[in-house]
K.L.:
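If you scroll down you'll find the structure; I have some questions about it.
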2 protein chains.
Amino acid sequence: MEDLIYKKIIHDLKKRIFNNEFPSMRLPDERSLTAEYEVSRSSVKRALSSMAHQGIVFKKRGSGTFINPLYLKSQSSFNYEGTNLGITDSLKSDGKKQGIKVLDFSVIPATENMKTDLFLNEDDFVYQIRRLRLLDDEPIMIETGYIPIKIAPELSRAIVEKSIFNYLEDTRGQHVTRSFLSIQVEPSNSEDQELLGLTENEPVGVMSGIFFMDDGTPFEISNMRIHYKYMNYSTFVSLD
Amino acid sequence: MEDLIYKKIIHDLKKRIFNNEFPSMRLPDERSLTAEYEVSRSSVKRALSSMAHQGIVFKKRGSGTFINPLYLKSQSSFNYEGTNLGITDSLKSDGKKQGIKVLDFSVIPATENMKTDLFLNEDDFVYQIRRLRLLDDEPIMIETGYIPIKIAPELSRAIVEKSIFNYLEDTRGQHVTRSFLSIQVEPSNSEDQELLGLTENEPVGVMSGIFFMDDGTPFEISNMRIHYKYMNYSTFVSLD
DNA sequence: TTATAAAATTGATGCGGTCCAATTTTAAAA
DNA sequence: TTTTAAAATTGGACCGCATCAATTTTATAA
């Protein structure tokens with residue numbers, strides 16, 4: 001548990017919500033929470049705002065703060081608590097066995113697109129990493145990633161066989177916490193069909209995007225072609 | 001333009017970013033902005049946090065706040081400015097002609113799932129609304145929605161032929177600003193193929209979810225089967 | 001010149017407060 | 001009893017301050 005006050009409040013309120021301490025679905029008002037936790041109202045507000053943003057609660061001026069009934073039902077999608085974005089962490093909780101089969105590990109010159117997206121110079125090179133991801137020995141996605149060599153010059157096939165993001169976290173203390181993602185749908189091509197065991201009219205989900213490190217440095221361009229049965233992206237969307 | 005200070009700051013900073021007033025990609029530090037805009041530092045921080053959350057900038061403690069190079073490149077995905085979630089608003093900017101063909105408009109008893117998700121009682125009824133959405137006369141998605149009659153008892157086929165969310169906004173001043181969304185991929189079924197003009201091995205994207213009003217009241221369960229060529233969901237993901 | 005240490009810069013967290021606006025509750029009036 | 005008006009409740013916006021931690025810059029020493 002972090003030692004930040006507002007995170008402690010969030011953590012505690014989540015626990016109390018699941019303990020069914022608020023059967024009316026209404027949280028105590030901000031001023032009471034301020035007294036109860038013996039913190040400033042700002043900290044309480046910060047905690048509640050964050051929870052509202054995550055879709056855990058709804059705030060209604062003049063009335064109170066209320067628990068989203070859906071939060072109690074489908075906690076899984078609300079409770080992403082990894083320190084990294086990326087596949088390894090997101091599949092962790094399922095209790096299933098993850099596998100990675102490296103299809104390609106090479107170095108190529110950056111294309112124009114890569115230069116823009118990864119913020120590279122004229123003669124920069126990138127790793128090209130193609131991997132087949134397995135879940136309980138079933139192939140679930142083909143992942144193609146491009147990482148600037150100058151960001152991780154010591155990358156090796158051995159590292160790539162495990163989680164690249166976790167490696168970065170362990171050795172550099174850097175986390176990959178942000179990503180700009182695009183989700184699309186395509187019929188499977190012959191390679192998809194072969195590697196993922198799909199028939200001709202079984203499609204793939206395509207998730208492509210750029211992953212950033214904490215400080216905003218673009219770290220990787222990634223393209224994932226996902227077996228349609230394993231494709232499930234859930235999110236809480238909120239304007240403002 | 002809203003009259004909230006932090007929103008004005010966001011608006012102005014966005015403008016200045018596009019005006020290329022920060023060629024170093026670095027924004028002025030928070031204390032300078034505080035002086036420049038003659039507001040409190042809290043307001044500046046609020047604006048910058050929001051922009052960081054949207055992926056417009058990255059903040060780096062001890063160093064400064066930096067513009068995400070991608071923001072300059074692909075503003076479109078960053079600049080959603082509708083007042084409602086939902087299709088009508090998201091397709092608006094493209095300058096293409098929207099069409100709606102109502103396939104079904106009926107009232108049915110709520111199923112168990114609907115009762116939980118829409119917070120309904122034993123004998124509540126819902127509208128079942130099936131619509132085919134067109135873009136420039138091309139069919140792009142089959143949308144099936146369920147709305148509790150008690151929330152919108154005066155709904156009519158005429159309203160349903162246009163935007164339901166906009167109707168709600170105009171008559172009730174309520175906005176649909178939140179949604180819990182799931183994205184999946186499926187092979188097209190025969191109805192998809194017929195209505196969307198797909199062949200057997202052309203798939204659909206499936207977006208299903210619950211839409212909430214400002215105050216957290218669940219308003220609609222929706223299921224959208226989208227022509228794969230028109231399926232494109234972009235988002236900025238950020239842990240914390 | 002290079003390496004090291006101190007100082008300045010810059011965002012992060014937290015406190016406490018004022019005033020406001022939407023809503024609900026209570027009291028008063030019809 | 002019902003309607004209406006006042007009061008209390010509750011979250012929203014904003015201000016200003018103190019202190020901290022990461023980073024960069026500057027000054028000092030080797």
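Chain identifiers are assigned alphabetically (A, B, ...) following the order of the sequence lines, protein sequences preceding nucleic acid strands; residue numbering begins at 1 within each chain. Worth saying up front: this structure is predicted, and the values here are computed from it rather than measured.
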K.L.:
Rounding to a whole Å, what distance do you find between A:Phe58:CZ and D:dG12:P?
P.N.:
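Taking atom P of D:dG12 as the reference, CZ of A:Phe58 is at 13 Å.
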K.L.:
Kindly point out which of D:dA21, C:dC15, D:dT10 is positioned nearest to the side chain of A:Ser42?
P.N.:
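Of the options given, the side chain of A:Ser42 lies nearest C:dC15.
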K.L.:
Taking CZ from B:Arg26 and P from D:dT25, how many angstroms apart are they, rounded to a whole number?
P.N.:
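One finds 9 Å between P of D:dT25 and CZ of B:Arg26, rounded.
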K.L.:
Is any NZ, NE, NH1 or NH2 atom of the basic residue among B:Glu36 and B:Arg16 found under 4.0 Å from an Asp or Glu carboxylate oxygen of the other?
P.N.:
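Here B:Glu36 pairs with B:Arg16 in a salt bridge, since their nearest N and O are under 4.0 Å apart.
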K.L.:
Would you say C:dA12 has OP1 or OP2 under 4.0 Å from some side-chain N or O of B:Lys59?
P.N.:
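Answer yes for this pair, as a side-chain N or O of B:Lys59 is under 4.0 Å from OP1 or OP2.
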K.L.:
Are OP1 or OP2 of D:dT10 and a side-chain N or O of A:Arg41 less than 4.0 angstrom apart?
P.N.:
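For D:dT10, OP1/OP2 do not have a side-chain N/O of A:Arg41 under 4.0 Å.
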K.L.:
Give the rounded distance in Å between these two atoms: CZ of A:Phe66 and C1' of C:dT24.
P.N.:
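Rounding to the nearest Å, CZ of A:Phe66 and C1' of C:dT24 are 10 Å apart.
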K.L.:
Would you please classify the geometry between the A:Phe58 ring and the A:Phe236 ring as parallel, tilted or perpendicular, with 30° and 60° separating the classes?
P.N.:
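A:Phe236 vs A:Phe58 ring planes: perpendicular.
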K.L.:
Rounded off to whole Å, could you give me the OH-to-C1' distance for the A:Tyr37 and C:dG16 pair?
P.N.:
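Going from A:Tyr37 (OH) to C:dG16 (C1'), I get 20 Å.
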K.L.:
Between D:dT23, C:dG14, C:dC15, which one does the side chain of B:Ser63 approach most closely?
P.N.:
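From the listed options, D:dT23 comes nearest.
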K.L.:
Does any part of the side chain of A:Ser222, heavy atoms only, come nearer than 4.5 Å to the side chain of A:Phe211, both counted from C-beta?
P.N.:
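A:Phe211 vs A:Ser222: side chains touch.
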K.L.:
Do A:Asp215 and A:Thr217 have side-chain N/O donor and acceptor atoms under 3.5 Å apart?
P.N.:
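Yes.
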K.L.:
Let me know the distance between CD of A:Glu30 and C1' of C:dG17, rounded to the nearest Å.
P.N.:
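Atom-to-atom, A:Glu30 to C:dG17, this comes out as 15 Å.
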K.L.:
Counting heavy atoms from C-beta on, name the nucleotide in C:dG14, D:dG11, D:dG16 closest to the side chain of A:Thr65.
P.N.:
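Between C:dG14, D:dG11, D:dG16, the one nearest the side chain of A:Thr65 would be D:dG11.
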K.L.:
Taking the side chain of B:Ile5 as heavy atoms from C-beta outward, which of D:dG11, C:dC15, D:dC15 is closest to it?
P.N.:
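The nucleotide sitting nearest to the side chain is D:dC15.
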K.L.:
Need to verify one output field. Residue with the more 5' nearest nucleotide on DNA chain C, A:Tyr6 or B:Leu48?
P.N.:
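Checking each residue's closest nucleotide, the 5'-ward one belongs to B:Leu48.
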K.L.:
Once you round it to whole Å, what is the distance between P of C:dA21 and CG of B:Asp215?
P.N.:
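Distance check: B:Asp215 CG to C:dA21 P gives 20 Å.
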K.L.:
For the side chain of A:Arg31, counting heavy atoms from C-beta on, which of D:dT23, D:dG12, D:dC15 is nearest?
P.N.:
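The closest nucleotide is D:dG12.
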K.L.:
To the side chain of B:Lys45, which of D:dG12, D:dA22, C:dT13 is closest?
P.N.:
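Of the candidates, C:dT13 comes closest.
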K.L.:
Can you figure out which of D:dT10, D:dC14, C:dT23 approaches the side chain of A:Asp29 most closely?
P.N.:
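Closest nucleotide among those given: D:dT10.
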K.L.:
Expressed in angstrom and rounded to an integer, what is the separation of B:Leu33 atom CG from D:dC14 atom C1'?
P.N.:
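In whole Å, D:dC14 C1' lies 17 Å from B:Leu33 CG.
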K.L.:
When you measure from the side chain of A:Ser40, which nucleotide among D:dG11, D:dA22, C:dG14 comes out closest?
P.N.:
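Between D:dG11, D:dA22, C:dG14, the one nearest the side chain of A:Ser40 would be C:dG14.
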K.L.:
Does a side-chain N-to-carboxylate-O contact under 4.0 Å join B:Arg61 and B:Glu30?
P.N.:
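No salt bridge links B:Arg61 with B:Glu30.
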K.L.:
Could you state the atom-to-atom distance from NZ of B:Lys7 to C1' of D:dG12 in whole Å?
P.N.:
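Going from B:Lys7 (NZ) to D:dG12 (C1'), I get 12 Å.
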K.L.:
Base, sugar-phosphate or nothing for B:Arg46? Non-hydrogen atoms, less than 4.0 Å.
P.N.:
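Result for B:Arg46 = sugar-phosphate.
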K.L.:
Counting side-chain heavy atoms from C-beta on, which of D:dC14, C:dA21, C:dG14 comes nearest to B:Ser43?
P.N.:
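Nearest nucleotide to the side chain: D:dC14.
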K.L.:
Before accepting this row, confirm whether a basic side-chain N of the pair A:Asp124/A:Lys150 lies closer than 4.0 Å to the acidic partner's carboxylate O.
P.N.:
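A:Lys150 and A:Asp124: salt-bridged.
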